[in-house]
2 protein chains.
Amino acid sequence: MKQLDHPNVNEIRLEAVLAALADPVRLSIVAALSDQSEHSAGAFDCDIASSTLSHHLKVLREAGVTSHRKEGTRCFVSLRPELDQVFPGLLTLVLEFAPKDRARECAERLLPGGPNRAK
Amino acid sequence: MKQLDHPNVNEIRLEAVLAALADPVRLSIVAALSDQSEHSAGAFDCDIASSTLSHHLKVLREAGVTSHRKEGTRCFVSLRPELDQVFPGLLTLVLEFAPKDRARECAERLLPGGPNRAK
DNA sequence: TTCTAACTTCGACGAATATCGAAATAGATG
DNA sequence: CATCTATTTCGATATTCGTCGAAGTTAGAA
């Protein structure tokens with residue numbers, strides 16, 4: 001069973017993590033994993049080609065955000081616990097803001113200027 | 001005095017903020033502003049063309065990270081306080097990790113595998 | 001008004017990224 | 001073995017990004 005390469009903890013870079021999280025597809029993947037669960041790659045319901053999904057999973061893995069375990073033909077993905085040792089609280093904070101941001105974005109689209117528009 | 005456009009608070013997007021911070025030049029700019037000071041655009045000592053600096057400042061401004069105030073021929077830049085209302089603690093956390101990450105990166109370059117290399 | 005300083009904008013370039021479909025791979029299953 | 005399934009890799013394309021130098025803008029100085 002050939003496993004995929006993961007960066008050493010010392011190789012995890014802040015900018016790579018931020019860049020990995022700065023994409024809607026990847027953020028939704030990470031959000032889906034945030035309950036500490038393990039998803040097989042096919043189990044994420046993003047409306048993208050499987051090759052594109054594979055690309056995004058690779059970006060997350062190489063940034064040190066996710067851990068990938070191959071089992072049979074499947075690849076189980078989960079959040080890397082080491083990430084929270086390297087950047088404690090970062091992922092939690094981003095994942096806390098993500099749904100609120102989506103709600104704000106939606107509200108802004110329906111009601112430009114928002115409920116508390118300044119000036 | 002024509003001022004530059006800033007996004008409304010409701011228009012500040014998490015992904016845009018993360019993307020803005022996921023660049024070494026911009027992260028160094030933000031770090032320089034982290035003492036709540038105001039810098040004129042020319043006062044950042046990045047070794048890049050002034051047009052490139054202007055580009056990065058535009059990205060930060062449009063992401064809602066910085067506030068730009070034109071005075072005479074100069075442009076004074078500071079962190080937008082509203083950012084911490086929209087995403088409380090995010091910038092602080094990233095700015096706390098940034099120097100540690102640089103140190104880790106440097107250590108990793110000198111001593112591949114790091115002092116606590118696993119396995 | 002002309003000159004200068006401090007930016008910004010524009011146009012170009014190469015590098016990186018997001019995307020897809022097709023082909024390759026690897027393991028399970030018949 | 002042949003085949004099916006899940007995923008990765010490859011090749012192509014379109015877009016975005018970081019960078020520069022040149023040209024444009026704006027406001028103060030001479």
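Residue numbers begin at 1 in each chain, while the letters A, B, ... track the order of the sequences.
Formation of a donor-acceptor pair under 3.5 Å by the B:R26 side chain with backbone atoms of B:A19 is found in this model. The main-chain N or O of A:K70 is found under 3.5 Å from a side-chain atom of A:Q3 such that the two form a donor-acceptor pair. With hydrogens and angles disregarded, a donor-acceptor distance shorter than 3.5 Å links the side chain of A:R61 to the backbone of A:D5. Distance alone, capped at 3.5 Å, places no donor-acceptor pair between the A:D101 side chain and the B:E15 backbone. Listed for the A:D84 side chain is a donor-acceptor partner under 3.5 Å among the backbone atoms of A:G89.
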(request) Start with the C-alpha gap between B:H68 and B:F76, add the side-chain angles, then the distance that decides, and say whether ring-ring contact (aromatic ring centres under 6.0 Å, His included) holds. (result) CA-CA 6 Å; B:H68 298 211; B:F76 288 96; over 10 Å; no
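Each of C:dA6, C:dT8, C:dT19 was ranked by its minimum atom distance to the side chain of A:V25; first place goes to C:dT19.
Ion pairing between a basic and an acidic side chain is recognised when a charged N comes within 4.0 Å of a carboxylate O; A:E11 and B:R104 show no such pairing. Taking 4.0 Å as the cut-off between side-chain N and carboxylate O, B:E82 and B:R80 count as a salt-bridged pair.
Taking atom CZ of B:R69 as the reference point, atom C1' of C:dC7 lies 15 Å away to the nearest angstrom. In this structure, A:L57 places its CG atom 13 Å from P of C:dA18, rounding to the nearest Å. Distance, B:R61 CZ to C:dT8 P: 8 Å, rounded to whole Å. Between the CG atom of A:D23 and the P atom of C:dT17 there is a distance of 11 Å, given to the nearest Å. Nucleotide C:dT9 holds its C1' atom 13 Å from the CD atom of B:E62, rounded to whole Å. Put simply, CG on B:L60 is 16 Å from C1' on C:dC7, counting in whole angstrom units. B:H39 has its NE2 atom 17 Å from the C1' atom of C:dC7, to the nearest Å.
The number of heavy-atom neighbours closer than 6.0 Å to CG of B:D47, taken from other residues, nucleotides and ligands shown, is 12 or below.
Across the interface with DNA chain C, nearest-nucleotide mapping of A:A22 and A:S51 shows A:A22 to be the residue nearer the 5′ end.
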Pull out every protein N or O sitting under 3.5 Å from an N or O of nucleotides 24-30 of chain C, one pair per line with the distance.
{"residue": "C:dG27", "atom": "OP1", "partner": "A:M1", "partner atom": "N", "Å": "3.4"}

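When heavy atoms are screened at a 4.0 angstrom cut-off, B:L53 is found touching no nucleic acid atom at all. Nucleic acid contact for A:K58: none, since no nucleic acid atom lies under 4.0 Å from a heavy atom of the residue. Residue-level contact check: B:H55 touches the bases, meaning some heavy atom is under 4.0 Å from a base atom.
The outermost nucleotides of DNA chain D lying under 4.0 Å from heavy atoms of chain A, listed 5' to 3', are D:dT5 to D:dT9.
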